[in-house]
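Okay, so here's the structure we're looking at.
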Amino acid sequence: MKYIINDEIDLHKIAHSGQCFRWRDLGNDSFLIPAFGKVVRVSQGKDLELSCTEEEFQSIWYQYFDLGRDYTSIRNMIDKNDCFLYNAGQAGKGIRILRQDPLETLISFIISQRKSIPAIKTSIEKLCRACGHLIGNFEGEEIYSFPDLNDLINADISKLEACSLGYRLPYILKTVEELGKDPGLLDEMKEMDDHALIQRLMEFYGVGIKVASCTGLFGFHRTNLFPEDVWIKRALQDNYKEGFPFEKYRPYNGIMQQYIFEYYRTTAGNQ
DNA sequence: AGGCAGGCGCTCC
DNA sequence: GGAGCGCCTGCC
């Protein structure tokens, strides 16, 4: 089906923004995207072409791409006197914060710690093959879902040990066990305010401030959360000696973080 | 070939 | 409450 684009969206920039690890670049501005137990092929031309029904688009992908939000007007909030952020916003035009599954996001960012992005992707794909479900086929290759809570709880340890999780495996096992004992917890967390959500996330073994912030921003769509990794810390040190003006961009500091992250990493950070 | 990666828990003080 | 350190392992 076709979706008429009426706000900025750039699949390439989203794919490289570090919020999702399973998109596959098919070339020709097309991506294969598994999420919520489905897989869709999306091509970006003048409009968005999706290999799914109108019904599936409405029930899953419209929300997933956050198409109900006007990112152009959020980007226009940027103070033009703040050259760094303004340029970052220009460069990041088309980035959107996906509405991803909370459990998938939590587990993915536990895995992400002290791993490079290629290593994160490898590890997550192994995990999906180890205990996810077959959800599609692309050019003869099987596509698997990200495992749900039951999949993770019931998974053989030996299979998980083959997923290159390293010292993060016990983090995941404990987190999954805890969630299994309280199956309504993730839903309850959706109702918490940002601060309470971060605090609760950090109670999970292996989840610190960075993983909690990423999970909140990308998995609970808390657009004001501002994960600070090494790149962001360097960017703020270089450009905001007086501190970043968080008050000015509430409740969209997380979106500003995305612009800064990508911009600094691909330009200023390399100089 | 060996250091480093999009952190975290633990152990000191 | 914060600085220092070890950690699994794939990737460049």
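Convention: sequence-line order gives letters A, B, ...; per-chain numbering from 1. Quick note: numbers below take in every heavy atom, side chains included, and nothing from hydrogens, waters or symmetry partners.
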With a 6.0 Å cut-off on the ring centroids, do A:Phe109 and A:Phe21 count as close?
yes
Counting only side-chain heavy atoms from C-beta out, which of B:dG6, C:dT9, B:dC8 sits nearest to A:Ser164?
C:dT9
Of all the nucleotides listed (B:dG6, C:dC8, C:dC11), which has the minimum atom distance to the side chain of A:Arg114?
C:dC8
Of C:dC12, C:dT9, B:dA5, the nucleotide closest to the side chain of A:Pro118 is C:dC12
Can you say whether a donor on the side chain of A:Arg168 sits under 3.5 Å from an acceptor on the base of C:dC8, or the other way round?
yes
Classify the nucleic acid contact of A:Gly208 as base, sugar-phosphate or nothing, counting any heavy atom under 4.0 Å across all strands shown.
sugar-phosphate
Side chain A:Gln100, main chain A:Gln19, donor-acceptor under 3.5 Å
yes
Please tell me which of A:Gly206 and A:Ile117 maps to the more 5' nucleotide of DNA chain B, matching each residue to the nucleotide holding its nearest heavy atom.
A:Ile117
Of the listed nucleotides B:dG7, B:dC10, C:dC11, the one nearest the side chain of A:Thr122
C:dC11
Between the base of B:dG7 and the side chain of A:Tyr167, is there a donor and acceptor pair under 3.5 angstrom?
yes
Checking A:Ser73 against A:Asp70: is there a side-chain donor and acceptor pair closer than 3.5 Å?
yes
Between A:Tyr71 and A:Asp66: side-chain donor-acceptor atoms closer than 3.5 Å
yes
From the candidates B:dG7, B:dG6, C:dC11, the one with an atom nearest any side-chain atom of A:Arg265 is B:dG6
Nearest whole angstrom, please: distance from the P of B:dG9 to the NZ of A:Lys210.
14 Å
Distance between the P atoms of C:dC5 and B:dG6, in whole angstroms?
22 Å
Describe the nucleic acid contact of A:Tyr205 in one word from base, sugar-phosphate, nothing, applying a heavy-atom distance below 4.0 Å.
sugar-phosphate
If B:dG9 has a Watson-Crick or G-U wobble mate with both distances under 3.5 Å, name it; if not, just say none.
C:dC5
Identify, between A:Pro227 and A:Phe204, the residue whose nearest nucleotide on DNA chain B lies closer to the 5' end.
A:Pro227
Can you tell me the distance, in whole Å, between the CD1 atom of A:Ile110 and the P atom of B:dC8?
10 Å
Determine the interatomic distance between C1' on B:dG3 and the same-named atom on C:dG6; round to the nearest Å.
16 Å
Look at the side-chain N and O atoms of A:Ser123 and state whether any lies under 4.0 Å from the OP1 or OP2 oxygen of C:dT9.
no
Ring-plane angle category for A:Phe244 and A:Tyr240, please: parallel below 30°, perpendicular beyond 60°, tilted otherwise.
perpendicular
